[in-house]
Amino acid sequence: MSTTASTQAPQAPQAPSGPPANPAGLPTAYEHGKRLTDPGTSVDPILVEIVQGTLASVEMEVETSISRTSRSPMIRDAHDFRAGIHDRQLRKLTGRSYSALVHPIVRDFPLEEMNEGDVFFHNDVYESEGGIGHLPDLCVTVPVFHDGAVVAFVQAFGHHDDIGGAVPGSMPSNATSVHEEGLSVPPIKLWDAGVPNKAALRIMTRNSRMPDSLAADLDAECSACLMGARRLSDLFARYGRDSVEAAFDAILDSTTETYRREILSKIPAGTYVWEDYAEHDGVDEPQLHTQRITLTKVDDAPADPETNFPGGPRLIVDFTGTAPQAKGPINHCGDYVGGNFLKKWLAPILRNLADTPERMAELDVNEGIVPLIEMRFPEKGTLLTPIYPAPTNARTFVILRLLGVLAGVVAKAVDGQMPADQETIRYTGVYGKDRDGNDYLMREVLGGGSGGRYYADGEDTIHVVPDSRNLPTEFTESRFPFIVERLGLAVDSGGAGRYRGGLGYEKHIRMLEDAHFMSIADRSILACWGVKGGKAGMPFHVTIDVGGPDERVVEALADAEPVKAGQVIRIRTTGGGGWGDPLDRPLDEVERDLRWGKVSLEGARTAYGVVASGGKDDVSIDVEASEELRARMREERSDEPFFDRGPGYAQLAPDGARASEYDWM
């Protein structure tokens, strides 16, 4: 591959009748991504700090307002929603969490036709410019005005209970068309100058199985974004448009320079290849659905003022080799606006190259990283470039896997100085009739373990969605007909390593009424991989009627698995991969894991070569026997790949191999 980057320049405004100008086939009839001020414009650094702090404060205030006034468990309690602030060139200014894009709104509604009090809405996957991955993610956007002109946008999008479709929750695991997944709404004006569009709201709530929750959540999101727009309008009134916009440019310039200096400099120039896989799509039999990244680091790419690419180091992310689009709903529309959404989605992985964990936590991901990354997509018809109306509701199997693919390909470039594979998102839940005969849906996004790192163990039961949380037992038991009998750590689920992978959850739910269980999950065959000698974590696993006469394992993709009153559902989420050789883990750290109940006596022996006895309160390590066992285990080893995928890979690999050709250094 050439080390000179080539990228598609943003297109100049054109008439709607002109030819399609972006890879998605939609007319790019708007400017975006440009600077607001000339390079070198002076700006008071104190004002930059004030503006940056105000943006973060407003974003947090919007999210706090939504969490306090929404109604559905997914929004109010699980916190599966995001807010974002964007400038008039559609650049994301905040970096505390990811968000959708403003591009589809400005594409269909010119700035000069917007009014104060307008609220725009969309959830159409194929008209969202890549910002919306599946139909339950509803997005509201509010323009910010100063002196009668649009100067910024406040946006919120979140995963809602139900937007129609074939099954409760709008995520049919065997969908073969987006039309089965629910109501698809292209960009519309939901509020016009402060007046709600009651007809549109009625259409949306009529299509939902949970109309009251949907209406309340949308009202919360619209009101919160309108409040955020007022806060930002005050900022412009206080300091003036020119000064605030100069601060916007300075904030993004600082991000660009920081990542160029502190992050990209850690990746040696060259080309690296790695791939990972989704394991099933809900329609075909389980197989390896490949997602491949060829990463090229260029140290001296030329500047390109038309695309806003600066000169100097650049990453080229090429997805060639990614599998054809799936029949089932694991596709993701990524090839929009040059991959603008995916750049900001994947960039947080690069923070792991920071000098210290403390510095990593300080680095935001905003539009400033976009000029440092070029993305190259394969032709239409792949997992990342699906053709309408391919289904997408389980697209997390692709975009979350891509986080791991990028981590893996960077690990090859930096000799493993990246974390092992992290937990992967899954949706589990039950639905049916409560004791009063009313319909209910309880859906939860339980976390899992993160990967071990070159300096520390992975974290237990975390989630990749920022600020997300499990549903409180007190809330669920009071609202739904079941009892949570156990919620704890899944012992031995973290991948073994010098630094152990984080543990997943184990949750037991006893149903009080007949119901149906649903699951949209992967990593049930292919585990979270370990790196540089670390072992894979334990995969996702669900059992119904644990210990009963009808005990059975449930597929990770299930829409309506029947559960009788009195039966227990046991959910075990994924453990993170391990980092480094497990036989190098100090005995006292294994002893600590035994005392904490994170590793069993058998797990200590088989995974770490540690001979121990006793219970949690009186663990005893046989040092001599452990050293003998470890020596014997080392002698019996064969060559090991750089990445360990666990035993599930051989089940799906066409040749039964334990590793792919890209897993070796």
Side-chain angles (χ1 to χ4, degrees), residues 62-63 65-83 99-100 105 119-125 127-128 131-142 155-172 175 178-192 195-227 392-393 427 429-434 436 438-445 465 468 471 475-476 479-480 518 520 559:
V62 170
E63 291 193 0
S65 176
I66 292 171
S67 67
R68 289 181 174 177
T69 57
S70 56
R71 179 168 178 175
S72 70
M74 286 292 284
I75 301 295
R76 183 184 67 187
D77 299 287
H79 206 265
D80 193 1
F81 67 93
R82 296 290 143 257
S99 64
I105 304 302
V119 179
F120 299 93
F121 173 91
H122 72 289
N123 77 324
D124 188 313
V125 172
E127 292 202 15
S128 73
I132 298 296
H134 60 181
L135 296 181
D137 282 350
L138 310 184
C139 184
V140 298
T141 306
V142 173
Q155 188 179 74
F157 86 109
H159 189 137
H160 291 249
D161 272 345
D162 189 278
I163 193 68
V167 301
S170 308
M171 296 183 68
V178 71
H179 300 301
E180 302 168 58
E181 299 177 318
L183 181 67
S184 183
V185 183
I188 64 170
K189 188 178 286 190
L190 190 60
W191 290 36
D192 189 350
V195 179
N197 184 335
K198 294 182 179 180
L201 287 167
R202 186 179 181 191
I203 290 171
M204 285 188 280
T205 55
R206 180 61 175 166
N207 276 271
S208 174
R209 297 172 179 84
M210 307 290 163
D212 293 340
S213 292
L214 178 61
D217 289 348
L218 280 174
D219 186 59
E221 290 159 351
C222 292
S223 299
C225 287
L226 287 165
M227 175 272 296
T392 67
N393 73 76
Y427 305 87
V430 291
Y431 63 90
K433 300 281 187 182
D434 62 22
D436 297 324
N438 297 318
D439 292 325
Y440 75 90
L441 167 65
M442 188 290 295
R443 184 168 53 184
E444 187 169 23
V445 186
V465 177
S468 63
L471 297 181
F475 162 74
T476 55
R479 185 167 179 177
F480 305 117
M518 60 173 294
I520 302 292
D559 289 328

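Numbering of residues begins at 1 and proceeds along the displayed sequence.
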Does the side chain of [Y] come within less than 4.5 Å of [X]'s, by heavy atoms?
| X | Y | value |
| --- | --- | --- |
| Met518 | Pro168 | no |
| Trp191 | Leu226 | yes |
| Ser128 | His122 | yes |
| Pro172 | Asn393 | yes |

Rounded at 0.5 Å granularity, tell me how far [atom1] in [X] sits from [atom2] in [Y].
| X | Y | atom1 | atom2 | result |
| --- | --- | --- | --- | --- |
| Leu214 | Leu201 | CG | CG | 8.5 Å |
| Ile520 | Asp559 | CD1 | CG | 5.5 Å |
| Ser208 | Arg206 | OG | CZ | 11.5 Å |
| Leu218 | Ser70 | CG | OG | 11.0 Å |
| Glu221 | Thr141 | CD | OG1 | 11.0 Å |
| Leu471 | Arg76 | CG | CZ | 9.5 Å |

On a heavy-atom basis, which atom in [X] and which in [Y] lie closest, and how many Å separate them?
| X | Y | result |
| --- | --- | --- |
| Asp434 | Tyr440 | N-CD2, 3.6 Å |
| Glu127 | Pro187 | OE1-CD, 4.0 Å |
| Phe81 | Ile75 | CE2-O, 3.4 Å |
| Val119 | Cys222 | CG1-SG, 3.7 Å |
| Ser170 | Ile163 | OG-N, 2.7 Å |
| Met227 | Ser65 | CE-CB, 4.1 Å |

Going through the checks in order, is the side chain to side chain contact (heavy atoms under 4.5 Å, CB included) test met by Met204 and Leu190? CA-CA 11 Å; Met204 285 188 280; Leu190 190 60; 3.6 Å; yes
Between [X] (side chain only) and [Y] (backbone N and O only), is there a donor and an acceptor less than 3.5 Å apart?
| X | Y | value |
| --- | --- | --- |
| Arg443 | Pro73 | no |
| Asp217 | Ser72 | yes |
| Ser223 | Ala220 | no |
| Arg71 | Ala215 | no |

Exactly one of Ile132, Asn123, Leu138 clears side chain to side chain contact (heavy atoms under 4.5 Å, CB included) with Phe157, and that residue is Ile132
With Tyr431 as partner, the option from Asp162, Asp439, Leu441 fulfilling side chain to side chain contact (heavy atoms under 4.5 Å, CB included) is Leu441
**Item:** Working for side chain to side chain contact (heavy atoms under 4.5 Å, CB included), residues Cys139 and Gln155
**Value:** CA-CA 7 Å; Cys139 184; Gln155 188 179 74; 3.5 Å; yes
* Hey, what's the ring geometry for Phe480 with Phe475, parallel, tilted or perpendicular (30° and 60° as the breaks)? -> perpendicular
- Task: Evaluate the side chain to side chain contact (heavy atoms under 4.5 Å, CB included) criterion for residues Thr392 and Glu181: first the C-alpha distance (whole Å), next the side-chain angles of each, then the deciding distance (0.1 Å), finally the verdict.
- Result: CA-CA 8 Å; Thr392 67; Glu181 299 177 318; 3.9 Å; yes
Let me see the working for His160 and Met74 under side chain to side chain contact (heavy atoms under 4.5 Å, CB included), right down to the final yes or no.
CA-CA 6 Å; His160 291 249; Met74 286 292 284; over 6 Å; no
* Is atom CZ of Arg479 surrounded by more than 12 heavy atoms (other residues, nucleotides or ligands) closer than 6.0 Å? -> yes
